Amino acid sequence: MAAIARGESPGAADKAPPATAPAADHADMPLAIERAPKLDWSLVKSESPRVLPPRTTPRAFALEECPTFYPSLEEFKDPMKYLQTIGPKAKDYGICKIVPPVGWRMPFYTDTETFRFSTRLQRLNSIEASSRAKLNFLEQLYRFHSSQGNHSVEVPNVNARRLDLWLLRKEVQRHGGYDAVGHQKQKWSDICHAMSLTSNGTISAQLKSAYAKIILPFEAYSEQHRDTFMQHASTKHQESSPQTDHASLPGEDTHMADTNAPGAKMARPRKRMMAGMAPASHAEGTKEEDRMTCKSCGSTERGTEMLLCDGCDSGGLPYILPRPASPTVPKGQWFCSKCLFGTGGDFGFDEGEEHCLQSFMLRDRTFRKMWFDAHPPKHVPTAFDEVTKTVIDDVHYAEADVENEFWRLVEEPLETVEVEYGADVHSTTHGSAMPTVETHPRDPYARDPWNVNNIPILADSLLRYIKSDISGMTVPWTYVGMIFSTFCWHNEDHYTHSINYMHWGETKTWYGIPGADAEPDLLYQLTTLMNPGRLRKAGVRVYACNQRAGEYVVTFPQAYHAGFNHGLNFNEAVNFALPDWLPLGLDCVKRYQINRKLPVFSHDELLITVTQHSQYQDCRLGLGQLAGDGIQESLEYDTPENQYQCSFCNAFCYLAQVTCPSHTEQVSCLQHAKQLCGCDPTTRVLRKRFSDEQLDDIVAKVTERAAIPADWQAKLRALYRNQRGPTFVLFLPSAKPRQDVEMDDAPTRGLDDVYSLLSEVDELGFECP
């Protein structure tokens, strides 16, 4: 079954926003700009209830809610101070929700007639980890047998349903592999039970036969060519981020790939070309096939006999290529090892269409009505559901219904639903929906510290010391969601904080994993979706929240988060970094270097800039903690003004770099100087940005400044210890007052001394205890 939430959407009559809408569209626009119908504000949720009834039934996967905070107007004046206040509690959940105080509401200034955005097309059952791993395996299996000349592999029916080859392979591997299972009837019986099949001799024999005929030859070929695939994967890894291109090794199971779905048909490849024939573009005139090179022997003499891969068009002579190539040109399709094992890199995302807000709203609304009309909710609504329910004509459904249906679709391999998501829309090109001092200088919200355009550059945000704008990090991105559109598990670049504000629209569900649980072996490569219940079974803490119109969601350093949308909504998000982020940011850069992931900015440059310009003691305290780790390591580093990156690990070589006169286009960091080139090491040059003496001076100043709060507290404690108590007079009923208590001649200190210390604190720039 396939459902597609796209196609031509009908227009709608223009309607003005309701009185509750915070801002109106612009009236005068240049005639050259094509105008679309205005957004029908009567169909959009612009407010949400502040107080909700308690949940009487657990949410999906029995997840606990993350904290929700309700700051007062006074607490809301300083975002960085407030976030530092709630941080110790909230970071243990990875995410938290903040509901602004009554009377505060950020206006929405996007012109809905001129705003246009492009979408990503998402196939839900192709982005979940288990479903995607299963489909990748089936496609590899199909390609292998197709290259062998077996174009119609017969998959047997067992217990009146198609045998699930993926699950069969998984269970056999779990029992030690085919060699370990062998002729042991009991193990085959156990495999039948694990696959929910009737356990008898006939069924066990069917499973064994299917494995031997279909899966075992593929596994043998996988083992034989594992090194070739690993070399290809390593090269591909260097060219792209490990978080954007990852595939499981053939013949190898992965702990996050699991499914209980019934067997699926083998996936078919995206491209088909007859073997032994050149591509159509080379069929006439060029005789490109005569110049084809055999990838195995390097021969170019027999191009017309070359066997071309249907995946990448690379060629090879049939009698030289390794199996599964046959000695003669096979009929149908043939795939080289690289394409045979390199499937599954698209993560279920394709380019979508261009929309205006009105057309996208109508598409989303039509799809929601159609879907829940065909899939009506089955549970009895609670008081909580009644408050948060959505009504579209005669269709009623609750937030819990959307959550349950989303995860059902994500994990269902035979039911494909395609939706669109307007993600990562750049505010630099499309404009921010919030007022700015450039666009709306008279609007007080343009200077509001909770404006996402201002948050990265607030006094306590370290990202203000990055010298250039970074779109999506220090410059907000906009997100326009529709029902079931999703964002996969990820953490923020450089482990920074993020803050997301919903202007209006349907609910957005968030899932968060605390940074302390973000273990690399489970989550670092996880760029698809995974069932939160499965993560909890693996010992990972997962929390959830529902974000509604006018609410913020904050994610904390290193915390993984994912989620999906319940319908049309409009969000803006940006990053920031509090002083306590510094050690985590350094850890992230080291992780990037190990995994050759491209960093977004130079952490070394940020540290140097903070030491030179920051007047805030919290920043200096964070730098003091790093003085022996980050800056000290820089004593051997580099100097040119340009931003160079290591050609081996992609790290920024801001402080130091190693160069070779014979390879001027490449530089390396100090750790990978040996990998720079094969030239004589004595010819290499170490270039520094700062001398050792300059760096020693920076470290000394940072350490000295970081010690100031402790020195000041010591002074205060000494003052209290040395201060003599005040004189007092004791009054008793019907008695004369006693004379003042006699004190010795020791010097005393009073309030003037305390006030003197407090004024000193104001000049130092940190809060006293």
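It should be emphasised that the depicted structure is a prediction, and the values quoted were computed from it without experimental measurement. Residue numbers run from 1 in the order of the sequence given.
A cation-pi arrangement is present between R596 and F648, with the terminal nitrogen or guanidinium carbon under 6.0 Å from the aromatic centre and inside a 45° cone about the axis.
S427 and T478 share no side-chain donor-acceptor pair at under 3.5 Å. N546 and W510 form no side-chain donor-acceptor contact under 3.5 Å, judged by distance and modelled atom types alone. Side-chain contact annotation: H603 with H494, donor-acceptor N/O pair under 3.5 Å absent. Of the N and O atoms on the side chains of S485 and N565, at least one donor lies less than 3.5 Å from an acceptor on the other residue. Side-chain contact of N500 with Y552: a donor-acceptor pair under 3.5 Å is absent, judged by distance alone.
For an aromatic pair to be called close, the ring centres must be under 6.0 Å apart, and F564 with H566 satisfies this. Here H430 and F117 keep their ring centres 6.0 angstrom or further from each other. Here W450 and F76 bring their ring centres to under 6.0 angstrom of each other. A centroid separation of less than 6.0 Å is found between the aromatic rings of W477 and H426.
Under the side chain to side chain contact (heavy atoms under 4.5 Å, CB included) test applied with C545, the options V553, T68, T509, L63 reduce to a single match, V553.
Residues that satisfy the salt bridge (charged side-chain N to carboxylate O under 4.0 Å, His left out) test with E65, not counting sequence neighbours, are R55, R59. Taking D697 as the reference, K701 meet the side chain to side chain donor-acceptor pair (under 3.5 Å) condition, with sequence neighbours excluded.
Pairs engaging residues 549-569 under the salt bridge (charged side-chain N to carboxylate O under 4.0 Å, His left out) rule: K97-E551 [sequence neighbours left out].
The backbone N or O of R541 lies less than 3.5 Å from a partner atom in the side chain of D517, making a donor-acceptor pair. A donor-acceptor pair under 3.5 Å links the side-chain atoms of S48 to the main chain of A549, judged by distance alone.
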Step by step, would you call W489 with Y560 a ring-ring contact (aromatic ring centres under 6.0 Å, His included)? CA-CA 6 Å; W489 287 109; Y560 274 84; 7.3 Å; no

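Distance OG1/T474 to CG/N575: 8.5 Å, rounded to 0.5 Å. Here CZ of F556 is found 12.5 Å from OG1 of T496. Values are rounded to the nearest 0.5 Å.
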